[in-house]
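As structure tokens, the structure follows; a few thoughts come after it.
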Protein chains: 2
Amino acid sequence: MSRTTAPGLREARKQQTRQSMLDAALGLLEEQSLSSLGLREVTRAVGITPAAFYRHFRDIPDLGVALVEQALGSLHTLVTSLLTEQDGAEERIDTSVELIQRYVRAHPAHVRFVARERYGGVREVRLAIAAQLNLFTREVADALSAEAAAKDWSPAELHMLAGLFVDQMVLTACAFLNAELGEGPSPTEVADTARARMRLVQLGREHWRG
Amino acid sequence: MSRTTAPGLREARKQQTRQSMLDAALGLLEEQSLSSLGLREVTRAVGITPAAFYRHFRDIPDLGVALVEQALGSLHTLVTSLLTEQDGAEERIDTSVELIQRYVRAHPAHVRFVARERYGGVREVRLAIAAQLNLFTREVADALSAEAAAKDWSPAELHMLAGLFVDQMVLTACAFLNAELGEGPSPTEVADTARARMRLVQLGREHWRG
DNA sequence: CGCAAAGGCAAACGAGTGTTTACTGAATTT
DNA sequence: AAATTCAGTAAACACTCGTTTGCCTTTGCG
């Protein structure tokens, strides 16, 4: 059985232009926020009629939450990669930062979109992003609780630590993006800072109740 | 001598409507991003003609950077307050979080504006915010270097730590704002989490080269 | 006093917006 | 093979937008 529906040449074509719209929107959002993105802009970029928009989305916010699922879906891959790393603390930090940098290079538009709209002007999208990031936080907290170092950490404390990691990941990804764009410090500086921050947190973690 | 110019009833009236425009813009930005804010919207809210806008600002981005200076100017007050605190580490954390919460309650629109436009769609404003936050970071780094605990910390390491504090401050302020609005966890939960994070960082700091 | 400066007004401009309506033609179903 | 579904079209709707032009009225300066 297939994930969505039966083959359906009809449905296939539809999902194809839908994806084209999402891609076009992501491109247009490089230089503006979602709350100023026009429905006609998107359809024009794809090469369809404005009215055709409504065959796929109710309005722009609706398209926005679809973008959230897509962008943070790809981030989900990264998070699970980070969690399955099982080396020592030091190497773990190194590979984490490197993976984040690689991810930003692979999906810059996704990173920008999430960073921009996390506190952006469209309520629905803000809530969708918050929900997904909370989900990430819970995953991280679960993974942390399985480690030996989590011996005497309460669930609430693990959640706090996981949230710190997630926030730091987003912040680091965004810093890499700015670096890649020439706004702000160089990529190697960003990497150094990110590693140092994680080392600091790791130290605090080791002495949490020492 | 006065800060701006001689008394000038003319200039006074001008600065007054200019301030009205900034306030109106800040209000309108509660439900949208700067990149979708219309010039006519602002003038309509103030009660003047669209053409009058150009007597004060070149365009909306220009108004945006004026808002940045205003918003982060008020934040500057908070930062120096935090830095002059000189109690023990634990009480310092408590009063810091409390001051942040108080600040958010006093200037919610400023916090939202900075959080929203820090990675927003208007380049000029992004750069203005980044510049101001870098300035804060240097101030914090300087203050940290004067402490006894900064004995064997290099300038680069101090800058890293200061940046972590600034990022954490912005993040915490934004969390308080969401809490106040009903999006996300309650204010007391936010406060607890923020305190715990700062305690963790403080621990890492104490063992940085132990 | 009298002239220059300047904040604000009124009106018009061309261009872009979201949404609706009736339609066409190809893919699907019966 | 006929009937139905539906992604996309074409055109029109009533607005809103940023910007320019000329004018009025009050303030400021010599």
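The shown structure was predicted, so the numbers you read here are calculated from the model rather than taken from an experiment. Just so it is clear: chains get the letters A, B, ... in the order the sequence lines come, proteins before strands, and each one is counted from 1.
Using a 3.5 Å distance cut-off with no hydrogens or angles, the side chains of B:Ser74 and B:Tyr103 do pair a donor with an acceptor. Side chain to side chain, A:Ser186 and A:Thr188 meet the donor-acceptor criterion of an N or O pair below 3.5 Å.
As rounded to whole Å, 14 Å separates atom P of D:dA7 from atom CD of A:Gln16. What separates CZ of B:Arg10 from C1' of D:dC29 is a distance of 11 Å, to the nearest Å. Across the protein-nucleic acid pair, A:Phe57 atom CZ and C:dT19 atom C1' stand 18 Å apart, rounded to whole Å. Regarding B:Arg13, its CZ atom lies at a distance of 11 Å from the C1' atom of D:dT26, rounded to whole Å. Remark: C1' of C:dC9 and NE2 of B:His56 are 13 Å apart, rounded to the nearest angstrom. Taking atom CD of residue B:Glu11 and atom P of nucleotide C:dA5, one finds them 16 Å apart after rounding to whole Å. One interatomic measurement links the two molecules: CZ of A:Arg18 to P of D:dG8, which rounds to 12 Å at whole-angstrom precision. If you take CZ of A:Arg55 and C1' of C:dC23, they are 11 Å apart, rounded to a whole angstrom.
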DNA chain D in dot-bracket form (Watson-Crick or G-U pairs under 3.5 Å, [ ] crossing, | inter-strand) is ||||||||||||.||||.||||||||||||
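Atoms CZ and CG, on A:Phe57 and A:Leu63 in that order, are 4.5 Å from each other to the nearest 0.5 Å.
No side-chain donor-acceptor contact under 3.5 Å links B:Arg116 to the backbone of B:Leu34. Panel note: side chain B:Ser20, backbone B:Gln16; a donor-acceptor pair is recorded below 3.5 Å.
Using cut-offs of 30° and 60° for the angle between ring planes, the B:Trp208 and B:Trp153 rings count as parallel. The aromatic rings of A:His110 and A:His107 sit parallel, their planes meeting at an angle under 30°, below the 60° perpendicular limit.
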Each nucleotide of nucleotides 12-19 of chain D classed B (base within 4.0 Å of a protein heavy atom), S (only sugar-phosphate) or -, in 5' to 3' order, makes B----BBB
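A sub-4.0 Å separation between OP1 or OP2 of C:dG8 and a side-chain N or O of B:Thr17 is present.
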Would you be so kind as to tabulate the donor-acceptor pairs closer than 3.5 Å made by side chains of residues 163-185 of chain A, with sequence neighbours excluded?
from, atom 1, to, atom 2, distance (Å)
A:Asp167, OD1, A:Arg118, NH1, 3.4
A:Asp167, OD1, A:Arg118, NH2, 2.8
A:Asp167, OD2, B:Arg197, NH1, 3.0
A:Asp167, OD2, B:Arg197, NH2, 2.9
A:Gln168, OE1, A:Arg197, NH1, 2.8
A:Thr172, OG1, A:Gln168, O, 2.7
A:Glu180, OE2, A:Arg105, NH1, 3.0
A:Glu183, OE2, B:Arg126, NH2, 2.8

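Checked for salt-bridge contact, B:Arg205 and B:Glu147 meet the test: a charged N lies under 4.0 Å from a carboxylate O.
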